[in-house]
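These notes concern the structure reproduced below.
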Amino acid sequence: MLVIVAVVKNVFLEDASIPPTNNCSEQAIRMSTVFRKVTNCFRSQWGRDLFAAVRSIVNTGKRQGLTAYQAIYKILSTNCSIFSSS
C-alpha cells in the first residue's frame with residue numbers, strides 16, 4: 001500500500017499536465033451537492049439515479065468541449081460512448 005501511495009504522490013512532479021490537487025473532481029460534484037442540499041435530498045431513488053446520470057453526461061461533455069445539449073444528444077443518438085475521442 002505504501003509503495004502505491006508513494007508512486008501516486010510523485011506522478012504530478014514528473015508530468016506537468018497532471019494537477020497536484022483534486023480541485024477538478026471537487027468542482028465536478030459541487031453542482032450535485034448544492035442541488036441535493038437546496039432541494040432537501042431526492043424524493044425517489046429513480047430521481048436520484050436520473051439526476052446522477054444526466055450530471056455525469058453533462059460534466060463529461062463539458063470536459064470534452066461540448067454543450068449540455070450536444071452531450072445529451074450525442075449519447076442518445078449514437079451507440080458510441082461519449083468517452084471516445086472520435
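Taking each heavy atom of Gly61 and Ala71 in turn, the nearest pair found is CA-CB, 3.9 Å.
Under the 4.5 Å side-chain heavy-atom criterion for grouping Ile, Leu, Val, Met, Phe, Trp and Tyr, Leu76 is connected to Ile57 within one hydrophobic cluster.
Under the 3.5 Å distance criterion, the side-chain polar atoms of Gln70 are matched with a main-chain donor or acceptor of Thr67.
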Donor-acceptor list for residues 43-54 side chains, cut-off 3.5 Å, not counting sequence neighbours:
unit_1, atom_1, unit_2, atom_2, d
Ser44, OG, Trp46, NE1, 3.2
Ser44, OG, Gly47, N, 3.1

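With rounding to the nearest 0.5 angstrom, the NZ atom of Lys74 is 6.0 Å from the CD atom of Gln64.
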